[in-house]
Amino acid sequence: MTVFKAYMKIAKKNAWLIVMYMGIFFTLTVMFQGAAKKQDAGGYTAEGTKIGIVDEDGGVLAESLAEMLGRRNELVRLPNAEESLQEALFYREVEYIVRIPEGFEERCIAGEENLKVTAVPGTYAGSYVDQQISSFINSARTFRAAGFSARETAETAAVPAEPEVRFLDITGNGGEADAYVYYYRYLPFLFLSVICYILGYILIGFRKGTLPARMRASGVSARRQAMEGLLASFLLALGVWAVCTAVAFLMYGESMLRKDGVIYYILNSAALLAVSLTLAYLIGMIVRESDSLNGIINIVSLGMCFVCGTFVELDLISPAVRKAAQFLPVYWYETVNNLLADYKTITGSLQTEVLQGIGIQLMFAAAFVCITLAVSRKRM
């Protein structure tokens, strides 16, 4: 088991790489998971605007308009002085000024006169508040035409009916992704980096100096040497996968056990492991120096993670880039991961899509093996 021990010795020497990338991986996972929790769909609130009010009327409808605006915005009472109003806008004490004229009901509700308003140029505050004022005046006109008194109109128009919003639970998970979804989303970065680095350094080490010639001249057959190398590589990759899976169950064990499709997460990560292992062998066969290894692995791992939906969600990537990403294995890993995140139960056609994505990853792994064998035969 000389070759096997040599593989393990080189891997032990580079153990700091595993620790470093796992630290980066867990840090990214916790950060993005915490940011995702803040983006709760049920926590939407409209953004308010600082509005200055100049009330020259003082009637019930004018007060009702001010009350309605104050429900969604921050109101500031201002004196009817042109210099003070200009200073308030200049120093951004307010972003929008509404002047309610004397005889507001007769001139603006019963009549067609528009309110005098001023907004800070280049902001959305003007359009946002314009819609609120227009909605109030239209409602007040409707109530007045129906025979409501001024006070009844003011009380009704100031409190518009709020629509009731109901979320349909189509996917079965209540519209919320499980916490460990983000853990598995960033797993390609860890697998591609760690496994490619470790096997790359090992394969480069076995091609240094006279070592290849000495191995060919040794009493251990080439077949046995290859088998020991494959066994060591498999055990190293399996160890990384086992640690990541164990940590996932330690961090999210309760929620993972409640999920029907957790077995598919494990199968998907195992397929990604096969891709990473075979790709690492291919890179290790091509690269001769450690400096070149660093450059290639950074391009491969970071490039696929950015293009295939690991660091940037697939929904935010342009269609052209997504089409190109279909020729990369990480795209199919993330596609399966997104399907598992969206649906609570994996059955029927959805199960077929998941297994198809896992199968495509295994086909990529088989393709990398064939390319590696071709490169190895060419070099021999």
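Computed from a predicted structure; not experimentally measured.
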Check your understanding: Picking from Tyr180, Tyr183, Phe249, what satisfies ring pair (Phe, Tyr, Trp, His ring centres under 6.0 Å) with Tyr265?
Key -> Tyr180
Review point. Just wondering, more than 12 heavy atoms not from Glu102 lying within 6.0 Å of its CD?
Key: no
Review point. Can you check whether Glu334 reaches Thr310 side chain to side chain, under 4.5 Å on heavy atoms?
Key: yes
Practice item. Taking the side chain as every heavy atom from C-beta outward, state whether Phe104 and Leu65 have any atom pair closer than 4.5 Å. Key: yes
Check your understanding: Among side-chain atoms of Glu313 and Asn338, is any donor-acceptor pair under 3.5 angstrom?
Key -> no
Practice item. May I ask you to test the Tyr331-Val307 pair for a side-chain heavy-atom distance under 4.5 Å? Key: no
Practice item. Return the set of residues passing salt bridge (charged side-chain N to carboxylate O under 4.0 Å, His left out) with Glu82 (not counting sequence neighbours), or none when no residue passes. Key: Arg99
Exercise for review: Evaluate side-chain contact (heavy atoms from CB on, under 4.5 Å) for Val300 paired with Leu279, printing each intermediate quantity in order.
Suggested key: CA-CA 10 Å; Val300 170; Leu279 182 60; 3.7 Å; yes
Point to revise | Carboxylate-amine/guanidinium proximity below 4.0 Å for Arg77 and Glu63 | key: yes
Review point. In a check of side-chain contact (heavy atoms from CB on, under 4.5 Å) between Pro329 and each of Val275, Ile360, Thr278, which one passes?
Key: Val275
Practice item. Could you tell me whether the side chain of Val76 reaches within less than 4.5 Å of the side chain of Glu93, counting heavy atoms only? Key: no
**Study point:** Over 12 foreign heavy atoms within 6.0 Å of CE, Met363
**Key:** no
